[in-house]
Amino acid sequence: MAKTQPKSGWKSKVHEIIYEADTPSGKFFDIALLVVIFASIILVMLESVSSINVKYYWHFYIAEWIITIIFTIEYILRIIAIKKPKNYIFSFYGIVDLLSTIPTYIAFIFGGHNLLFAVRALRLLRVFRILKIARYVGESNRLLLALRNSRPKIIVFLFAVLIICIIMGTVMHLVEGEEGGFDNIPLSIYWCIVTLTTVGFGDIHPVTPAGRFIASFIMIVGYGIIAVPTGIVTSEITRSQKDKIPTNTQACPHCNETNHLDKAEFCHNCGKVLNE
């Protein structure tokens, strides 16, 4: 088996800092970028307050451009640091990074009084920068894996809930009828859904003893239903913790694959050497 060569060159150093969090420089980069992301989200929220935006408009404007430039540099460096840029550009995080960067540029190019409303809506898209945080939360991958493994069970559960809503909605339509506001079955099913999820439907409520009894039963069942998907996901998370195999944050410089085994020398996706 061929020995791995130590990393060399500025591109390799950039890749180590941006894509890996096991090194001090990588950890510092992740923390610094998290601070910038949170600052950007707070900036968008404050801008939505008219009184604050009018008073500090230019401060917000300059701060937004500084943040946008930082994200632009990060995006370019991520493309440069990987040997197959398309693997990053068309990945989930690559698309999120792009969408987090371009609103300011588009607003600057196409901005104007006639497009003020459209530009404002576009600028609000910057709030999706919060999705960038998921990359730096180690446990997010385990949660996503648990949700993926729970998908068949949750689908069956939701299908069962839908059946309950259809049956109970139809029963409520028969019991209450138009006099109680349950004019048709679709409306009754909608009432059943919002009642089952403990949201409540203030415009419609049962008036007969039988209808109130059924509504009470649906509300009680609703509290029990809330716990079911939670238990399913929790079970999958517990199982994944038991079966967890030690991994690190190292990203392949060729294909950008992550979650490699500790002390792995080759990428489990493309087979290329990890530490070139």
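Any value given below was found using the heavy atoms of this structure, including those in side chains, with hydrogens, waters and symmetry copies removed.
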Taking all heavy atoms of [X] and all of [Y], pick out the closest pair and write down the distance.
{"X": "Gly211", "Y": "Met172", "result": "O-CE, 3.7 Å"}
{"X": "Cys165", "Y": "Cys192", "result": "CA-SG, 3.6 Å"}
{"X": "Leu33", "Y": "Glu74", "result": "CD2-OE2, 3.2 Å"}
{"X": "Leu196", "Y": "Ile218", "result": "CD1-O, 3.4 Å"}

Test item: [X] and [Y] side chains (from C-beta on) under 4.5 Å apart, heavy atoms:
{"X": "Ile80", "Y": "Trp10", "answer": "yes"}
{"X": "Phe182", "Y": "Val175", "answer": "no"}
{"X": "Trp191", "Y": "Pro206", "answer": "yes"}
{"X": "Ile89", "Y": "Ile79", "answer": "yes"}
{"X": "Phe60", "Y": "Leu46", "answer": "yes"}

Determine yes or no for a side-chain-to-main-chain donor-acceptor pair under 3.5 angstrom, with [X] supplying the side chain and [Y] the backbone.
{"X": "Ser40", "Y": "Val36", "result": "no"}
{"X": "His15", "Y": "Ala81", "result": "no"}
{"X": "Glu176", "Y": "Gly181", "result": "no"}

Could you walk me through whether Phe213 and Thr208 pass the side-chain contact (heavy atoms from CB on, under 4.5 Å) test, one step at a time? CA-CA 9 Å; Phe213 174 81; Thr208 65; over 6 Å; no
Applying side chain to side chain contact (heavy atoms under 4.5 Å, CB included), can you list everything that pairs with Ile66, at least two apart in sequence or on another chain? Ile62, Ile70
With Tyr105, which residues qualify under side chain to side chain contact (heavy atoms under 4.5 Å, CB included), at least two apart? Trp65, Thr68, Thr72, Thr101
Hydrophobic cluster membership, with links at side-chain heavy-atom distances under 4.5 Å among I/L/V/M/F/W/Y: are [X] and [Y] in one?
{"X": "Met168", "Y": "Leu158", "result": "yes"}
{"X": "Leu98", "Y": "Phe90", "result": "yes"}
{"X": "Ile69", "Y": "Phe71", "result": "yes"}

So CG of Asn53 and CG of Leu43: to nearest 0.5 Å the spacing works out to 9.0 Å
Taking the six-membered ring for Trp and the single ring otherwise, decide whether the centroids of Tyr75 and Tyr88 are under 6.0 Å apart. yes
Please say which of Asp30, Ile17, Ile18 ends up in a side chain to side chain contact (heavy atoms under 4.5 Å, CB included) with Ser25. Ile17
